[in-house]
Amino acid sequence: MSGKVEKQDNYSRSLSYYAWQRLKKNRLALLGLIIIGLCLFVAIFGYYIAPDSTPDANNQKLELAIKPPGFTIREIHLRKNEPIHSRNFFSRLFYGRENDFTEIPLNSYEFKDNDIEFEDYTGKENVSGTKEKYNVADVVFAIDYSKPFTDNVQQGYVDFFDIDSGKQLKLTTADLRARILSKNLRECRYYLGTDRAGRDMLSRLIIGTRISLSVGFISVLLSIFIGVFLGSISGFYRGWLDNLIMWVINVVWSIPTLLLVIAITLALGKGFWQIFVAVGLTMWVEVARVIRGQVLSLRENEFVEAGRALGFSDFRIVMRHILPNIIGPIIVLSAANFANAILIEAGLSFLGIGAQPPTASWGAMINAHRGYIIADAAYLAFIPGLAIMLMVLAFVLLGNGLRDAFDTRTVDEVSV
């Protein structure tokens, strides 16, 4: 008896359950889902993962321009004489954190009395750089020079006022040297090299993930909202309203997508938020056509007639009974539009009318380094191009898997 009840419970499971069972059998779709999940994690916690956590990963060191992947250099980090830039967890999560240090690559250094002298790195091997000298306390602390400052070389100590704590500190030269060696002199490795402005490519690539996913997510939401609304009322009411909406759809459909996005961008202005609106306003057409066709096929079914007989409003019938039955095509279409939005954003940024510098956009990174493709640093353009290809491929694989999973004509057996 219990076996019979269990069998009946299995048959009563929803379409989403069987869709998930089919999706799990599709290894390529699962691979795409894993890649998207990793990209989402990187996009959310980018400023905590990236080696350069400054806003837009825009810490420029011109002497380190176009350095190969794996390049390593010793740097001295000089504390800026200004209050520390403190940010809470969420503020840093969204905007990064201003650098409290001036980072200077160097060739060599030595301590002399209460000072540290070092030679700047010029970007070329065997080329001497400018020699600079800083007090050891000025390297470690933010010093308030408007108040008394004592540099006692004979007794080996420095007396100064610290901006961060607001207190007067008196530290020995040996202690300050030890702090410099442990915290301020660092071996910095650039795993993917640097761009032409001397910025860390890995950090720019990580922060660029957030740009692509943000544009895709918000653009898809906007296109779904407009497309589902217009497609639903067009397919449900038909008549002159359907003719009017279909006329608008056909007009917009006849305009090349990229040209339409460029026109909207030029009208709204160039910028990060304008891209969301521009891309979203061009992708709703396909959503509306699909939703209209689905609603037309469902509006004559018995459950819709039953809803009318019970006195349900048209809004309730559409929202509570028709749309839940076409959620599968909406999800599949969203995955495909996500991939298209990423490509459109990259194309606009490549043309210079998308996200503006110094925003870390993959398309802008390709555009900035396209001249190096025929030089000896083609990786500067290939790496962001590979990232675009990988993310788009992941959404295409997931979209194909979702299409097969929600196909009710699939006859494969689902283990329960």
Side-chain angles (χ1 to χ4, degrees), residues 35-36 38-40 42-47 49-71 95-96 99 123 188-217 219 258 261-262 265 270-276 278-279 338-395:
I35 294 174
I36 293 171
L38 290 175
C39 291
L40 183 61
V42 169
I44 294 175
F45 298 100
Y47 282 115
I49 299 174
D52 179 10
S53 61
T54 59
D56 297 314
N58 193 40
N59 188 14
Q60 302 183 17
K61 304 170 188 175
L62 297 180
E63 59 270 35
L64 298 184
I66 318 298
K67 294 302 178 183
F71 176 76
Y95 306 109
N99 199 346
C188 297
R189 181 181 296 273
Y190 297 88
Y191 293 97
L192 294 182
T194 59
D195 63 8
R196 64 178 185 177
R199 297 172 293 197
D200 181 34
M201 278 290 292
L202 177 59
S203 300
R204 299 278 292 176
L205 198 70
I206 290 174
I207 303 304
T209 308
R210 174 177 298 188
I211 304 300
S212 295
L213 285 179
S214 298
V215 170
F217 180 73
S219 299
L258 188 59
V261 173
I262 292 175
T265 304
K270 298 184 292 184
F272 181 63
W273 294 102
Q274 288 84 342
I275 293 297
F276 295 154
V279 177
F338 217 116
N340 291 333
I342 293 172
L343 287 175
I344 293 173
E345 183 278 327
L348 291 175
S349 297
F350 179 83
L351 296 174
I353 56 178
Q356 297 301 297
T359 304
S361 169
W362 289 345
M365 292 169 67
I366 297 175
N367 179 42
H369 303 102
R370 67 184 188 277
Y372 295 96
I373 294 178
I374 58 176
D376 57 351
Y379 63 89
L380 292 172
F382 286 162
I383 290 176
L386 183 63
I388 295 173
M389 184 193 74
L390 187 63
M391 186 176 291
V392 170
L393 178 62
F395 277 102

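Just so you know, these numbers use all the heavy atoms, side chains as well, and skip hydrogens, waters and symmetry mates.
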Novice: Listing request: all salt bridge (Lys or Arg N to Asp or Glu O under 4.0 Å) pairs with a residue in residues 190-209, at least two apart in sequence or in separate chains.
Specialist: Asp195-Arg199
Novice: Relative to the ring of Phe217, is the ring of Phe338 parallel (under 30°), tilted (30 to 60°) or perpendicular (over 60°)?
Specialist: tilted
Novice: Less than 4.5 Å apart, any side-chain heavy atom of Tyr190 and any of Leu202?
Specialist: no
Novice: Hey, are the side chains of Phe71 and Thr194 touching, using non-hydrogen atoms and a 4.5 Å cut-off?
Specialist: no
Novice: Looking at side-chain heavy atoms only, is the closest gap between Ile275 and Ile211 below 4.5 Å?
Specialist: no
Novice: Compare all side-chain heavy atoms of Thr209 with those of Met391 and state whether any distance is below 4.5 angstrom.
Specialist: yes
Novice: With distance as the sole test, does Ser349 use its side chain to make a donor-acceptor pair with the main-chain N or O of Gly354 at under 3.5 Å?
Specialist: no
Novice: Is there a side-chain contact between Trp362 and Leu205 in this structure, where contact means two heavy atoms from C-beta onward sitting under 4.5 Å apart?
Specialist: yes
Novice: For a 4.5 angstrom cut-off between non-hydrogen side-chain atoms, does Val215 reach Ile342?
Specialist: no
Novice: Which residues satisfy the side chain to side chain contact (heavy atoms under 4.5 Å, CB included) test with Ile35, sequence neighbours excluded?
Specialist: Leu31, Cys39, Leu390, Ala394
Novice: Main chain of Ile207, side chain of Arg210: is a donor-acceptor contact present, judged purely on distance under 3.5 Å?
Specialist: no
Novice: Strictly by salt bridge (Lys or Arg N to Asp or Glu O under 4.0 Å), give each pair with a member in residues 52-63 just once, sequence neighbours left out.
Specialist: Lys61-Glu75, Lys61-Glu103
